[in-house]
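What follows is a short report on a single structure.
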Amino acid sequence: TDLEGIITDVNAAQCQSIGRTREELIGKSVEIYGDDPTRGATQREIIEATRARGEWRGEVVNVTATGKEVIVACHTWLLRDDQGKAIGLCGVATDITEHKRAEERVRQLANEQKAILNTISIGISFLKNRKLQWVNPEFAAMFGYEIHEVSGVDSSQFYANEDDYLRVGKEGYARLAEAGIYSTEALMKRKDGTRLWCSITGQAISSQNLAEGSIWSLQDITERKRAEEARRESEERLRLALDASNSGTWSWDAASNVST
């Protein structure tokens, strides 16, 4: 372009990108390319910055002849004559529309995953070499820690006894290498030393390469364990009472009217 941004030459790739012929563009201001000041520089800002600093780099939103948006990474610079006098502007634009869309999809997915991890009522952690890389709020709360307190901590800190830690390390990681998923139950401990039973499920990022890490979910099942223990104790007391008495026991099948 000239120094005012009037197009003096354009290649076929630019014509194709913008959906206009060379004849439609020659003699027009670069503002024909369109822009969106909320998402990038305007054409006028690019011209002024290039003239002031000698070059400009950045992103700009162009609009095709049919109204379709095209996001481009643009590099412009001043053209000078043999005496060093500025005589025009030149620019190279690379279409990065699909790249930007992919970035946006990744950001959206990350935000969705973060929202899920922050609200789910199950403790989630990501481990490498059995050390915590990150945890969700529920995991930290379950064990009485702040999230920053457990970053980089070895998972042995959360087991109530070393045997369970070693067991999970031996059988759990062997299972991850075979099928990628492992489940068990273990007695764990909080920061204040109190204990809780947890249902534990681990899944490898890659069963072929455990060094990439694994995701572990922990759910507090203490109340269920207490209920199971209370039931066992009740059944044991009943058995002892029956054994100590002279009473016989019998059962009756209502369907067949047979007692045993």
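In this chain, residues are counted from 1 in sequence order.
Expressed to the nearest 0.5 Å, how far OG1 of T194 lies from CG of L196 amounts to 7.0 Å. Atom CG of L78 sits about 7.0 Å away from atom CG of L3, to the nearest 0.5 Å. Here T222 contributes atom OG1 and D220 contributes atom CG; the two are 3.5 Å apart, rounded to the nearest 0.5 Å. Atoms CZ and CD1, on F158 and I200 in that order, are 11.5 Å from each other to the nearest 0.5 Å. Considering OG of S199 and CZ of R224, their distance stands at 6.5 Å, rounded to 0.5 Å. For the atom pair CD1 of I26 and CD1 of I6, the computed distance is 11.0 Å after rounding to the nearest 0.5 Å.
Using a cutoff of 4.0 Å between basic side-chain nitrogens and carboxylate oxygens, E223 and R226 are scored as salt-bridged. By the 4.0 Å N-to-carboxylate-O rule, K225 lies close enough to E185 to be salt-bridged with it.
With a 4.5 Å cut-off on side-chain heavy atoms, H75 and E55 count as touching. Side-chain contact check for R51 versus L89: some heavy-atom pair is nearer than 4.5 Å. Considering only heavy atoms from C-beta on, M188 comes within 4.5 Å of Y159 through its side chain. Between W134 and S151 there is no side-chain heavy-atom pair separated by less than 4.5 Å. The shortest side-chain heavy-atom distance between T64 and E69 does not fall under the 4.5 Å cut-off.
Here Q219 pairs with nothing under the side-chain hydrogen bond (donor to acceptor under 3.5 Å, both in side chains) rule; sequence neighbours left out. For R167, the side chain to side chain contact (heavy atoms under 4.5 Å, CB included) test picks out D164, E171, Y182, T184, A186, with sequence neighbours left out. Evaluation of the side chain to side chain contact (heavy atoms under 4.5 Å, CB included) rule for T201 yields I181, S183, S217 as partners, not counting sequence neighbours. Scanning for side chain to side chain contact (heavy atoms under 4.5 Å, CB included) contacts around A102 gives R105, with sequence neighbours left out. With sequence neighbours excluded, the residues satisfying side chain to side chain contact (heavy atoms under 4.5 Å, CB included) with S156 are D154, Y165.
Hydrophobic clustering (ILVMFWY, side-chain heavy atoms < 4.5 Å, transitive): I46 and V72 are in one cluster. M142 and I147 fall within the same hydrophobic cluster, where Ile, Leu, Val, Met, Phe, Trp and Tyr residues are linked whenever their side-chain heavy atoms come under 4.5 Å apart, directly or through other members. Under the 4.5 Å side-chain heavy-atom criterion for ILVMFWY residues, a single connected hydrophobic cluster contains both Y145 and L218. Cluster membership check: L132 shares its hydrophobic cluster with F143, using side-chain heavy-atom separations under 4.5 Å among Ile, Leu, Val, Met, Phe, Trp and Tyr. Tracing side-chain contacts under 4.5 Å through hydrophobic residues (I, L, V, M, F, W, Y), one never reaches V70 starting from V61; they form parts of separate clusters.
For the pair A41 and V60, the tightest heavy-atom approach, listed with the atom from each and the gap, is O-CG2, 3.2 Å. Across W56 and R53, no two heavy atoms sit closer than the pair CD1-NH2, 3.3 Å. Across all their heavy atoms, I7 and S29 have their closest contact at CD1-O, 4.2 Å. Contact between C15 and V10 at its shortest, heavy atoms only, is SG-CG1, 3.9 Å. What you find for L176 and A204 is that their closest heavy atoms are CD2-N, 4.0 Å.
When the shell of 6.0 Å around CD of E162 is examined, it contains 12 or fewer heavy atoms from other residues, nucleotides or ligands.
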Derivation of the side chain to side chain contact (heavy atoms under 4.5 Å, CB included) call for I71 and R39
CA-CA 9 Å; I71 305 173; R39 297 159 60 198; 3.9 Å; yes

For side chain to side chain contact (heavy atoms under 4.5 Å, CB included), just list the numbers for L109 and E112, CA-CA rounded to whole Å, side-chain angles, deciding distance to a tenth of an Å, and then say yes or no.
CA-CA 5 Å; L109 180 59; E112 291 173 355; 4.1 Å; yes

Return all side-chain donor-acceptor pairs below 3.5 angstrom for residues 113-129, not counting sequence neighbours, or 'none' if the list is empty.
{"residue": "N118", "atom": "ND2", "partner": "K114", "partner atom": "O", "Å": "3.3"}
{"residue": "T119", "atom": "OG1", "partner": "A115", "partner atom": "O", "Å": "2.8"}
{"residue": "T119", "atom": "OG1", "partner": "I116", "partner atom": "O", "Å": "3.4"}

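Residue pairs meeting the salt bridge (Lys or Arg N to Asp or Glu O under 4.0 Å) criterion with at least one member in residues 195-213: none, sequence neighbours excluded. Counting only residues at least two apart or on different chains, the salt bridge (Lys or Arg N to Asp or Glu O under 4.0 Å) pairs with a member in residues 136-150 are E149-K191. The ring-ring contact (aromatic ring centres under 6.0 Å, His included) pairs that include a residue from residues 204-229 are Y173-W216, where partners are two or more places apart or lie in different chains. Evaluation of the side chain to side chain donor-acceptor pair (under 3.5 Å) test over residues 8-20, restricted to residues two or more places apart or in two chains, returns D9-R22.
Test R101, K100, R107 against E104 for salt bridge (charged side-chain N to carboxylate O under 4.0 Å, His left out) and you get one pass: R107. Screening T1, D35, N62 for a side-chain hydrogen bond (donor to acceptor under 3.5 Å, both in side chains) with Q43, the sole residue that qualifies is N62.
Grouped by direct or indirect side-chain proximity (heavy atoms under 4.5 Å, Ile/Leu/Val/Met/Phe/Trp/Tyr only), I87 sits with W77, L79, V92. Side-chain contacts under 4.5 Å among hydrophobic residues (ILVMFWY), followed directly or transitively, place W197 together with L187, I221.
In this structure a side-chain-to-backbone donor-acceptor pair under 3.5 Å is missing from E48 to E45. Put simply, the side chain of Q133 gets close to the backbone of K131: a donor and an acceptor are under 3.5 Å apart.
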